[in-house]
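Here is the structure we will look at.
Sequence lines set the chain letters: A, B, ... in the order given, protein chains first and strands last, and positions in each chain run from 1.
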Protein chains: 2
Amino acid sequence: MRPTVHDIAAEAGVSLATVDRVLNDRPGVRGVTKAKVEAAIASLGYVRDVAAANLAKSRVYPLVFILPEGDNPFMRGLEAEVRRTGLHSAIERTRLSVVTVPAFDAAALAAAMDAAIAEGVSGIAAVAVDAPEVFAAIDRAREAGVPVVTLVSDLSGSGRDHFIGVDNIAAGRTAGSLMGRFLGNRPGPVAVLAGSMRVRDHGERLEGFLAAMSAMPNTRAILPVLEGQDDPDLSFKLIANCLAAVPDLAGIYNLGAGNRGLLKALAAHGTDLCVIVHELTGETRGALESGVIDAVLNQDAGHEVRSAIRVLRAKADGLSVNAAQERIRLDIFIKDNLPPAGPDEE
Amino acid sequence: MRPTVHDIAAEAGVSLATVDRVLNDRPGVRGVTKAKVEAAIASLGYVRDVAAANLAKSRVYPLVFILPEGDNPFMRGLEAEVRRTGLHSAIERTRLSVVTVPAFDAAALAAAMDAAIAEGVSGIAAVAVDAPEVFAAIDRAREAGVPVVTLVSDLSGSGRDHFIGVDNIAAGRTAGSLMGRFLGNRPGPVAVLAGSMRVRDHGERLEGFLAAMSAMPNTRAILPVLEGQDDPDLSFKLIANCLAAVPDLAGIYNLGAGNRGLLKALAAHGTDLCVIVHELTGETRGALESGVIDAVLNQDAGHEVRSAIRVLRAKADGLSVNAAQERIRLDIFIKDNLPPAGPDEE
DNA sequence: GAATTTTTGATGTACGTAAATCAGAAATTT
DNA sequence: AAATTTCTGATTTACGTACATCAAAAATTC
């Protein structure tokens, strides 16, 4: 049986009220007495029963997810995952809400964060935009005692409590390594399609990709990066032009979100290219199964949402987080280890 | 504010006691009344507050993990993970214990299960051995109302409530696909090292591997399976002999646990072979980083333990499980996406 | 040493549910 | 219609913690 506050009171030879004062940092306890109580806590190995405490406080945890607007399939999947999780998490005294803001709009993100703080949420998860306004908003959250985690795109150097997402440099390296090995000694250059180089994730992925490709035994030309702005039509045009202009093209790495345009261009082409992309969706899954795509790198939206909730709740309670458990892994999917289709793949 | 039992009583026009009888399936409620209460539950969207319920029941969940003895690194990692998790999970009213039994000993496993049932545990997680005794023991657990999940090695067709582990056929296929693609058009046969073909996992991995290899564009000879009994010395001898006898060997797939012997033989050889193995440990991590091993397929022990706990608790409470969340993924590691070393890698 | 302040104890209520008891009402049987 | 059985209500205690109040004790100040 785990010790309770009563056991501590008995062990320390004080009253329950005093134990309560020590446990909850209430004033009116002499240093000597406080030390006695703390010794009893330590010797009995007391751990507060969070469930009972929350019940007594009738505490709920309103958490806000701030996500970019637009038709980025990954973000929409993330949103769907939050909503789905929200249905089941009332049980755990958590109330989730989603706010969307224009993509890459630092001012809007900062405003949304301030609104959440004003509403008195107990935690914020946001896809960070790299701008001073956002740093400042995070600092304000910190002052207000509201924990903040960055989602998918980090903001290291800011006051954020935790980052939930993959290591994008490693993701790029992984793509480069697979591309190099899959191509072997087959000649021909490789094209890279990105959304925009102004986004930190994309920059990091490219960096890793180039590093891994240049470490391969046989050197291979990498064409200048195509920036498709994650727009299907523009991506289609860029890739179609590239396929026409570079007949000996050996592979394509899409490190951004615009897979739809890429796949459309490949369909018109008839492909024996090595194609590696990010994010497992219904479309990329189909292309993987049919052999158009060779590998998909993925971060699991469900895991990210659940991890964000666990971390924010732990931070709100002042508890520590299990770093190993909260690490988001980079999944490599080839057609042989595809998981059964989930509900969030369109 | 979420509705409580009091709200339901008011809504249904019955007393609190009656609501309690309906909620907990206690006898003494007429069909009409029961229907009224259930209607109220549905219309108010009542969900039982599990935390409060557990508090009231002062319920704890004693769970048993039954694992094979021996120096199988993966099993020992699993055990360490259970112990580590056990330290933190007292908070969640779960009490974990580990029982080890001789590997592949069906009678011992069945006896351990019966002992756990007799002790009144509220859930059993076991690495299943494929034998009638075990089927019978699972049935006895079922009759006693004790949920059972199989861990790592499944026993489909039995009464087990859930399987926690990877799809081993898909794992074999993945290994085969990677092997084929990494080798490209390089000639030479491939060797397969297993522990024992009498273990179901190993059989399934081989099956998947052979299927994927034969689906590759260029055919390639697969040497007869070497059975190293997961023993370092025997594995070393088998691989050393093979390397000597087959000078043009192109690759090795170890689908079992005996990586130590394999690595020792490779170290003495100086390798440009394509090597794919299972289970990320300190040794395989090092070999991956140094380039001796090309890919490691892994199932995360921490995830499996946490998943087993969640599933057993849900089953014990008669709740449903989130299948997508509980699916154990097959991780593909190459040197570029290695996670930081965890505590369970020796 | 008296007056004051600070510290401590005792006690009660609340959170949402479980579980038990006993009395009374309703339904069923005789 | 009476006796019996089956349901239902009212009430209480408990789980472990939070939080408030008031009185009593101890320490401090004057």
Can you measure [X] atom [atom1] to [N] atom [atom2] for me and round it to whole angstrom units?
X       : N      : atom1 : atom2 : result
B/Leu55 : D/dT17 : CG    : P     : 9 Å
A/Asn24 : C/dA14 : CG    : C1'   : 15 Å
A/Asp20 : C/dT13 : CG    : P     : 17 Å
A/His6  : C/dT11 : NE2   : C1'   : 12 Å
B/Arg59 : D/dA14 : CZ    : C1'   : 17 Å
B/Asp25 : C/dA18 : CG    : C1'   : 14 Å
B/Leu16 : C/dT17 : CG    : P     : 9 Å
B/Leu23 : C/dA19 : CG    : P     : 11 Å

**OP:** Name the residue closer to the 5' end of DNA chain D, choosing between B/Lys34 and A/Arg30 according to the nucleotide with the nearest heavy atom.
**Re:** B/Lys34
Original post:
When you match B/Ala17 and B/Lys57 each to their closest nucleotide on DNA chain D, which lands nearer the 5' end?
Top reply: B/Ala17
Subject >> Student check: side-chain heavy atoms of B/Glu79 and B/Val82 closer than 4.5 Å >> reply: no
Base, sugar-phosphate, or nothing for [X], non-hydrogen atoms under 4.0 angstrom?
X       : answer
A/Ala53 : sugar-phosphate
B/Gly13 : sugar-phosphate
B/Asn54 : nothing

Nearest listed nucleotide, side chain of [X], among [options]:
X       : options                : answer
A/Ala56 : C/dA14, C/dG16, D/dC19 : C/dA14
A/Thr4  : D/dA18, D/dG16, C/dT17 : D/dG16
B/Val14 : D/dG9, C/dG16, C/dA18  : D/dG9
B/Ser15 : D/dG16, D/dG9, D/dA18  : D/dG9
B/Asp49 : D/dG16, C/dA18, C/dG16 : C/dG16

Return yes if a side-chain donor-acceptor contact under 3.5 Å exists between [X] and [Y], otherwise no.
X        : Y        : value
B/Asn24  : B/Arg48  : yes
A/Arg329 : B/His303 : yes
B/Thr94  : B/Arg313 : yes

Original post:
If you take atom types as modelled and just measure distance, does the side chain of B/Arg21 reach the base of D/dG9 with a donor-acceptor pair under 3.5 Å?
Top reply: yes
Original post:
Are any of B/Arg48's side-chain N or O atoms less than 4.0 Å away from OP1 or OP2 of C/dT17?
Top reply: no
**OP:** May I ask you to decide whether A/Arg59 forms a salt bridge with A/Asp317, counting only side-chain N to carboxylate O separations under 4.0 Å?
**Re:** yes
